[in-house]
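Worth knowing before you read on, the calculation uses all heavy atoms, side chains too, and leaves out hydrogens, waters and symmetry mates. Residue numbering restarts at 1 for every chain, and letters A, B, ... go by the order of the sequence lines.
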Amino acid sequence: EDKVVQSPLSLVVHEGDTVTLNCSYEVTNFRSLLWYKQEKKAPTFLFMLTSSGIEKKSGRLSSILDKKELFSILNITATQTGDSAVYLCAVDGLNTGTASKLTFGTGTRLQVTL
Amino acid sequence: GAVVSQHPSRVICKSGTSVKIECRSLDFQATTMFWYRQFPKKSLMLMATSNEGSKATYEQGVEKDKFLINHASLTLSTLTVTSAHPEDSSFYICSARRLAGGPMFNEQFFGPGTRLTVL
């Protein structure tokens with residue numbers, strides 16, 4: 001069974017700090033790893049990673065994948081209170097004979113304080 | 001583009017009643033829609049995969065007779081929680097995958113979710 005583990009489960013930082021969120025996975029037929037940000041409603045897409053070692057960047061957020069170690073990190077620099085959310089990691093694993101599906105981790109709850 | 005809506009956004013019902021939740025892809029066609037459930041402070045758990053014109057595929061532990069899924073068109077899937085009980089109270093989220101790109105493409109667009117409270 002596919003498995004996604006995120007750490008830490010929760011984190012409180014001061015505005016301006018840099019944070020690193022971790023995601024490890026075990027999946028059959030890996031296709032991609034995705035990061036989402038969830039505030040009060042449904043998740044919003046951040047990144048999709050398919051290749052090892054290639055950093056994806058969007059403003060103060062960046063992410064990288066290590067397919068050998070089955071691991072990804074999400075970095076947020078110069079954090080702001082608006083970054084407070086739950087960050088979800090999901091892995092897209094292709095099931096033989098069927099369409100692929102996402103397996104989500106439990107999320108990291110980030111709180112950025114003033 | 002790629003907007004997914006859900007209706008209703010919030011529903012409160014009495015135990016024993018049935019509740020229907022709609023998921024619509026507004027500006028694209030979706031051959032596949034996914035239904036997730038999320039309990040407070042927990043992650044999204046896939047309940048079932050819904051393919052247009054065929055029976056849904058349910059994840060292990062999800063009762064198909066309790067959570068009825070219908071995907072009658074390329075833009076609409078419905079989830080009906082039958083004989084709801086308080087333990088069914090949860091946040092239900094759907095996602096839709098574009099028709100374009102074929103079955104190997106898995107960009108999912110999420111709806112805003114429906115919060116169900118069963119009294």
Side-chain angles (χ1 to χ4, degrees), chain A residues 1-12 21-25 27-50 56 84-111, chain B residues 1-10 21 23 30-52 54-62 71 90-99 101-115:
Chain A
E1 187 177 322
D2 296 348
K3 189 176 172 185
V4 178
V5 178
Q6 290 184 248
S7 64
L9 291 180
S10 65
L11 193 55
V12 180
L21 310 183
N22 306 300
C23 176
S24 63
Y25 63 90
V27 65
T28 308
N29 299 319
F30 174 90
R31 291 190 59 234
S32 62
L33 183 145
L34 301 97
W35 284 96
Y36 292 87
K37 178 182 181 182
Q38 185 177 26
E39 295 171 271
K40 299 208 176 202
K41 292 196 172 179
T44 53
F45 173 80
L46 294 175
F47 298 111
M48 182 170 73
L49 304 159
T50 55
K56 293 267 181 112
S84 298
V86 175
Y87 290 85
L88 295 168
C89 173
V91 173
D92 174 2
L94 180 63
N95 295 314
T96 304
T98 68
S100 58
K101 65 177 187 181
L102 296 181
T103 300
F104 281 85
T106 51
T108 293
R109 184 173 297 274
L110 173 65
Q111 185 181 351
Chain B
V3 177
V4 176
S5 71
Q6 273 185 249
H7 178 79
S9 59
R10 187 174 189 113
I21 303 169
C23 177
T31 47
T32 304
M33 290 184 172
F34 302 85
W35 286 96
Y36 296 85
R37 179 167 55 185
Q38 186 176 34
F39 292 107
K41 298 190 178 180
K42 300 289 184 184
S43 191
L44 279 73
M45 296 296 296
L46 180 66
M47 298 174 66
T49 302
S50 166
N51 292 299
E52 185 264 336
S54 64
K55 289 183 180 179
T57 303
Y58 289 81
E59 295 299 301
Q60 195 171 9
V62 178
H71 193 159
S90 186
F91 192 50
Y92 292 86
I93 304 174
C94 74
S95 70
R97 185 166 62 204
R98 284 183 192 272
L99 176 63
M104 300 296 288
F105 184 68
N106 194 38
E107 183 174 2
Q108 294 185 30
F109 300 94
F110 286 86
T114 296
R115 189 163 299 283

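B:Tyr58 pairs by the ring pair (Phe, Tyr, Trp, His ring centres under 6.0 Å) definition with nothing, not counting sequence neighbours. Take B:Tyr92 and apply the ring pair (Phe, Tyr, Trp, His ring centres under 6.0 Å) test, not counting sequence neighbours, and it matches no residue.
The minimum heavy-atom distance linking A:Leu88 with B:Ser43 is given by the pair CD2-OG, 3.6 Å.
Rounded to the nearest 0.5 Å, atoms CD (A:Gln38) and CD1 (B:Ile93) are 5.0 Å apart. Separating the NZ atom in A:Lys101 from the CD atom in B:Gln108 is a distance of 11.5 Å, to the nearest 0.5 Å. Between the CZ atom in B:Arg97 and the CG atom in A:Leu102 there is a gap of 8.5 Å [rounded to 0.5 Å].
With a threshold of 4.5 angstrom between heavy atoms, B:Gln6 does not approach chain A through any atom at all. Of the atoms belonging to B:Leu44, heavy atoms from both backbone and side chain fall under 4.5 Å from chain A.
Across A:Gly107, A:Pro43, A:Ser10, the residue that shares the most heavy-atom pairs under 4.5 angstrom with chain B is A:Pro43.
More than 12 heavy atoms of other residues, nucleotides or ligands shown are found within 6.0 angstrom of NZ on A:Lys37.
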